[in-house]
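Following: one structure in structure tokens, then a few remarks.
Atoms within each ligand, like the ligands themselves, are counted from 1 in listed order.
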Amino acid sequence: MRLNKQIQIINSDYRFFMKEKTIIFIILHTEKQLLCVLIKFLLNFYIYLFIYQINDFGNESIKAIQIKSIYEIIQHCQSQYQSMIQMLISGDLVESLIKRINLCQNLEVLILQLNSSNISKKQAAVLGQGISRCSNLNNLDLNLGVNQIDDCGLEALVSEFYKCRQLKDLNLNVFYNQIGCKGAIILGKKLAQCYNLQTLHIHIGSNQINSDGFIGLAEGLCEIKHLNKLELINPYSQICSKGHQGFEKQIRKCTNLEYLSIQIQENQIGQNDIFAEELRENEEIAVSNKIKMYSLNIEKNNLNSEWMTAFSRFLSGMKNLQVLNLNFKSCNLRSEELITLSKAFIFLNNLKTLNLQIQENTIQHEGISEFMNKLEYCFNLVNLEIQMEQSKLNLESCLQISNSLSKLPVLNTVKINFKYCDIQPDSMVALVSKLKFNDSIQFIYFDLCYNNITKMAFQKSKQLINKICKLVHFSYKVEIW
Ligand SMILES: *[C@@H]1O[C@H](CO)[C@@H](O)[C@H](O)[C@H]1NC(C)=O
Ligand SMILES: *[C@@H]1O[C@H](CO)[C@@H](O)[C@H](O)[C@H]1NC(C)=O
Ligand SMILES: *[C@@H]1O[C@H](CO)[C@@H](O)[C@H](O)[C@H]1NC(C)=O
Ligand SMILES: *[C@@H]1O[C@H](CO)[C@@H](O)[C@H](O)[C@H]1NC(C)=O
């Protein structure tokens, strides 16, 4: 009993599976010095320290195993929690691990944090075999980032996951592992056989995956019939416009998908402009329209008007969208692209939360005006956050922002970052002049630092806004009085 309680403290994040006995291992590479340092360290913090040998248990009642990296345990110790730690000291990390997993085939939850552990493709294959014997597994969290797995290793790792018929949640991190196009396509094919997957989180960034690999991956994933939530993280790779659009087109075929998050910052989008196929005018793109939450992080790509035209059409198909997060930071956007994007918002009438990042681009006032104008169609919008740093605003565009915000009937929270937007004193007053909200709780946060705002303009704005709204916060810095 005591054992369970203490482990719970370590793992407060993982309370959900703590009903059953849970064992924590720390895997140590054999360096004796590191071990000595660690033991001293733990004793200093009055940690109960128990060292178990490999063969000490093989208990069928174990339902969950979590192996955390040593670095994390040390962090927990620093926060002064008393913790009981079982140590598995092993020369060959993966093989001893497999032995443990093979002894616990009733496992329902398995969390392995084996990133930066020098895992080869051969070891990945053995690990895959061990995992595939756990036929009751329903939650697998496998962090294998920064190892040497490569295409063959990845194939061997996942090829028998389908044997875990109860698998519902999979978190697979194979970031930085020399994986190429072939590996990505095979991953899609193999996961397509995991019929019961509902939640899938894949981190495959910093490999050598090009557009064909990315599309191939989506072709597999879209066959998982029950997939409800997909998060795909693939930054620092070689995807171009064709790859991103091909992926989006495929993934919309997942008929039960409600949550979709794609992170493809710092790829080669817009640099290599061959599109998958020209989308015909009025072509029905989305096969499924169930998506409620969509996030796209495409920061630091070189987006152009062709890309945006196609993207805007994808977006306008998401008619049931409630939460939208778009990160277009440093994407070479001009007013033209923002205007193209804004056309999609006419169709997003169910949107409740929008978080838009368009900072560090070269957007002019006409882009912002047009965008705000189209945002008025999102009449269910409750939370709005826009980072528009370095856009250029004039008096008209500030009036437009004010006007459009006032037309959103249930808007509750507004956060806009206007840093370096060339706002002049009269524009500042215009920005708040039209705001009118009803009695619901409101929070308005305008960050107006690094503009030309006089004290008088600031005070006048504050007076105006205090009449209509309870919670207002301006931050500003007066550049020129
Ligand atoms: C392993 O990954 C986790 C989660 O991403 C991270 O917090 C941890 O620092 C990583 N450990 C090593 C040794 O890189
Ligand atoms: C990584 O594993 C290989 C064998 O797969 C071994 O030769 C090498 O020494 C290991 N490197 C480290 C840093 O442990
Ligand atoms: C006032 O706000 C509430 C919700 O915050 C909304 O339901 C209502 O329609 C608004 N009334 C008017 C007159 O805009
Ligand atoms: C700042 O605003 C004042 C008052 O409108 C104006 O006289 C001044 O030229 C502006 N300065 C800059 C740098 O735009």
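Neither the backbone nor the side chain of Val146 has a heavy atom within less than 4.0 Å of ligand 1.
Counting atoms of ligand 4 from 1 in the listed order, those under 4.0 Å from a heavy atom of Pro425 are 2 (O), 4 (C), 5 (O). Interface of Gln424 with ligand 4, defined as ligand atoms under 4.0 Å from a residue heavy atom, comprises 1 (C), 2 (O), 10 (C), 14 (O). In summary, the atoms of ligand 1 found under 4.0 Å from a heavy atom of Asn143, numbered by their order in the structure, are 1 (C), 2 (O), 3 (C), 4 (C), 5 (O).
When Asn451, Ile453, Asn452 are ranked by how near their heavy atoms come to atom 3 (C) of ligand 4, first place goes to Asn452.
Residues Ile119 and Asn147 approach most closely at N-OD1, 2.9 Å, considering heavy atoms.
For the pair Ser211 (side chain) and Gly243 (backbone), a donor-acceptor distance under 3.5 Å is present.
Taking a cutoff of 4.0 Å between a charged side-chain nitrogen and a carboxylate oxygen, Lys419 and Asp447 qualify as a salt bridge.
Under the 30°/60° scheme for interplanar angles, the aromatic rings of Tyr450 and Tyr420 are found to lie parallel.
If you check the side chains of Asp150 and Gln178, you find no donor sitting under 3.5 Å from an acceptor.
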